[in-house]
Amino acid sequence: MSPAFGAMEVEHYSKGVLLEPFVHQVGGHSCVLRFNDKTICKPLIQREHQFYETLPTEMRKFTPQYEGVVSVSFEEDEDGNLCLIAYPLNGDHDNLENLDNADCEPKSKLLRWTNKKTMLLENEKVSKEWVRQHRKEEKMKSHKLEEEFEWLKKSEVLYYTVEKKGNVSSQFKHHNPWSMKCHQQQLQQMKENAKHRNQYKFILLENLTSRYEVPCVLDLKMGTRQHGDDASEEKKANQIRKCQQSTSAVIGVRVCGMQVYQAGTGQLMFMNKYHGRKLSVQGFKEALYQFFHNGKYLRRELFDSVIKKLTELKSVLEKQESYRFYSSSLLIIYDGKERQEVAVDSDPEDLEDLSEESSDESAGAYAYKPTASTVDVRMIDFAHTTCKYYGEDSVVHEGQDTGYVFGLQNLIDIIKEIRDESSE
């Protein structure tokens with residue numbers, strides 16, 4: 001993070017886009033960055049890139065939309081502060097211009113660099129003293145974050161109380177520990193390699209959380225096997241051990257990360273992969289229940305939609321010949337914004353659009369209107385995916401990915417159990 005550019009609000013360099021941490025990343029070790037409101041980017045891994053470019057049509061609705069490739073470099077100021085900037089690949093400016101960049105340019109906060117790296121803010125002048133002081137303050141924050149990272153790793157489940165007067169979604173950027181961790185590690189890695197390399201390829205993907213005001217995100221590591229065919233013996237043994245010591249070996253799925261807004265307490269809850277690995281099957285079920293509970297009531301109106309989409313995905317994957325999705329994840333996303341509540345004895349006009357289902361007992365005499373398109377199910381992370389159509393692979397698999405399908409079926413069954421038990 002570059003302190004000179006202020007709390008991740010400034011987004012554009014001339015002819016490039018300043019990349020921010022993607023604040024809704026809850027799992028994975030690869031750094032995911034925000035390109036704009038509707039697009040994210042992550043380091044290009046050839047196998048994953050090949051997957052997106054050869055994706056079967058029937059799988060497209062269950063994966064993020066692929067939007068191309070950009071070149072990413074970083075700039076370092078005299079104080080050693082870094083920031084990542086995306087440029088069109090090989091000077092192909094159409095690559096960036098064809099994307100919807102309207103949400104990248106808040107006019108009052110647009111920052112551009114001249115060749116002399118002089119900062120100019122539209123409609124306002126920034127003194128060198130202000131810049132120096134701001135850098136100092138942000139650098140102190142950066143040091144504080146580094147000190148907290150070890151603590152964050154040990155604190156596997158975190159709760160943050162959000163400001164009720166502020167915008168809940170904007171507060172994720174100040175609290176999501178996993179996103180901060182991945183971003184800092186990426187910057188450090190690029191800094192260490194600066195003498196040898198300063199240009200990286202990143203792929204652009206659809207931001208699956210963009211349609212939600214307060215995204216609640218569950219990242220599930222799918223399948224009974226996580227290591228790729230090209231894994232070293234050490235990596236293979238490590239991945240097998242993680243599966244055997246977690247729910248992956250038993251039910252083919254484990255929690256890799258979670259963020260939930262609990263309206264009842266006004267808190268953001270984050271659960272990381274270290275906690276997910278320790279869960280028993282019953283603990284996994286309880287974590288799912290917690291994901292669908294907002295602190296006031298269980299979001300039961302989501303269950304049928306989630307089950308329907310998981311069942312459809314299972315049917316699609318059962319038809320995929322030779323694919324193996326080793327170490328990939330499945331995201332379940334819904335909007336945690338508290339729904340409008342209207343007293344049951346209110347005027348009929350106030351109730352005409354409400355769902356026929358009322359909330360559970362804990363909500364009292366209120367009916368709730370579920371928001372449209374509140375749930376999404378998508379596969380992500382294909383760095384170790386293999387298929388017989390990838391000509392260079394030495395190992396060729398036949399039939400469906402039984403480990404992944406096994407995990408999907410168990411996930412469906414457990415969600416059905418939660419649904420049925422909650423309606424008793």
Side-chain angles (χ1 to χ4, degrees), residues 23-28 156-160 162 168-169 172 175-179 208-209 211-222 246-248 251-310 313 329-339 359-360 362-363 368 370-371 373-380 407-408 410-423:
V23 298
H24 300 301
Q25 179 181 1
V26 299
E156 297 168 354
V157 180
L158 299 172
Y159 291 85
Y160 291 100
V162 299
V168 175
S169 59
F172 275 95
H175 297 309
N176 187 332
W178 199 258
S179 173
L208 300 174
T209 68
R211 73 190 71 175
Y212 305 105
E213 288 192 49
V214 186
C216 293
V217 183
L218 177 63
D219 186 325
L220 299 170
K221 187 71 73 173
M222 300 300 298
S246 69
T247 55
S248 292
I251 57 174
V253 55
R254 71 172 184 258
V255 174
C256 190
M258 181 195 305
Q259 73 177 28
V260 183
Y261 176 59
Q262 300 186 316
T265 58
Q267 290 182 317
L268 295 172
M269 187 278 281
F270 299 97
M271 180 185 295
N272 68 24
K273 66 179 182 181
Y274 304 109
H275 185 77
R277 289 178 193 164
K278 297 177 181 178
L279 296 175
S280 62
V281 174
Q282 180 60 31
F284 176 84
K285 181 178 178 180
E286 292 170 358
L288 278 184
Y289 181 93
Q290 188 174 21
F291 176 68
F292 288 109
H293 201 288
N294 72 355
K296 286 186 175 182
Y297 49 86
L298 194 63
R299 294 290 298 273
R300 292 186 312 210
E301 83 281 359
L302 299 174
F303 288 142
D304 287 345
S305 179
V306 171
I307 292 169
K308 180 181 179 181
K309 291 184 178 182
L310 290 173
L313 172 60
S329 285
L330 185 70
L331 295 184
I332 300 177
I333 312 169
Y334 70 89
D335 201 329
K337 183 183 180 184
E338 192 169 14
R339 292 164 292 161
S359 66
D360 62 2
S362 64
Y368 292 85
T371 55
S373 303
T374 51
V375 66
D376 200 0
V377 172
R378 304 288 187 104
M379 299 172 69
I380 61 167
L408 272 178
N410 284 315
L411 178 60
I412 292 168
D413 291 342
I414 292 173
I415 294 176
K416 284 181 177 179
E417 286 178 13
I418 296 173
R419 179 198 62 184
D420 297 342
E421 290 169 3
S422 69
S423 60

Gap separating the CD atom of Gln259 from the CD1 atom of Ile333, nearest 0.5 angstrom:
9.0 Å
Apply salt bridge (charged side-chain N to carboxylate O under 4.0 Å, His left out) to Lys278 and list each qualifying residue two or more places apart in sequence or on a separate chain.
Glu156
What is the minimum heavy-atom distance between Arg299 and Gly336, and which atoms define it?
NH1-CA, 4.3 Å
Ala287 and Met258: which non-hydrogen atoms are nearest, and at how many Å?
O-CE, 3.4 Å
Nearest heavy-atom contact between Ile332 and Phe291 is O-CZ, 3.4 Å
Any residue meeting side chain to side chain donor-acceptor pair (under 3.5 Å) with Arg378, in chain and number order, not counting sequence neighbours:
Glu206, Asp376
Minimum side-chain heavy-atom gap Lys416-Ile307 below 4.5 Å
yes
Are the side chains of Val217 and Leu208 in touch, meaning some heavy atoms are under 4.5 Å apart?
no
Test salt bridge (Lys or Arg N to Asp or Glu O under 4.0 Å) on Asp219 and Lys273; report intermediate values, then the result.
CA-CA 9 Å; Asp219 186 325; Lys273 66 179 182 181; over 6 Å; no
Side chains of Val23 and Thr209: closer than 4.5 Å at any heavy-atom pair?
no
State, with a plain yes or no, whether a side-chain heavy atom of Val281 is found less than 4.5 Å away from one of Asn410.
no
Do you know the tightest heavy-atom contact between Lys337 and Val214?
N-CB, 3.9 Å
With sequence neighbours excluded, tell me which residues meet side chain to side chain donor-acceptor pair (under 3.5 Å) with Thr247.
none
Classify the ring geometry of Phe292 against Tyr334: parallel below 30°, tilted from 30° to 60°, perpendicular beyond 60°.
parallel
Any chance you could measure Asp420, atom CG, to Arg300, atom CZ, to the nearest 0.5 Å?
11.5 Å
Side chains of Ser248 and Arg254: is there a donor and an acceptor less than 3.5 Å apart?
yes
Go through the structure and list residues passing side chain to side chain donor-acceptor pair (under 3.5 Å) with Gln262, not counting sequence neighbours.
none
Return the CG to OG distance between Leu220 and Ser329, rounded to the nearest 0.5 Å.
7.5 Å
Can you name the nearest heavy-atom pair linking Gly264 to Lys296, along with the distance?
CA-CG, 3.5 Å
Heavy atoms, side chains only, cut-off 4.5 Å: are Val260 and Leu268 in contact?
no
With a 4.5 Å heavy-atom cut-off, do Leu298 and Ile418 have their side chains touching?
yes
Check: Tyr261 and Asp335 side chains under 4.5 Å, non-hydrogen atoms
no
Glu417 meets the salt bridge (charged side-chain N to carboxylate O under 4.0 Å, His left out) criterion, sequence neighbours left out, with Lys285
If you round to the nearest 0.5 Å, how far is NE2 of His293 from SG of Cys216?
12.5 Å
Partners passing salt bridge (charged side-chain N to carboxylate O under 4.0 Å, His left out) against Lys309 (at least two apart in sequence or in another chain)
none
What distance separates Leu331 CG from His24 NE2, expressed to the nearest 0.5 Å?
12.5 Å
Can you list the steps and then say if Leu310 with Leu330 is a side-chain contact (heavy atoms from CB on, under 4.5 Å)?
CA-CA 10 Å; Leu310 290 173; Leu330 185 70; 3.6 Å; yes
For the CG atom of Leu408 and the CD1 atom of Ile251, what is their distance to the nearest 0.5 Å?
11.5 Å
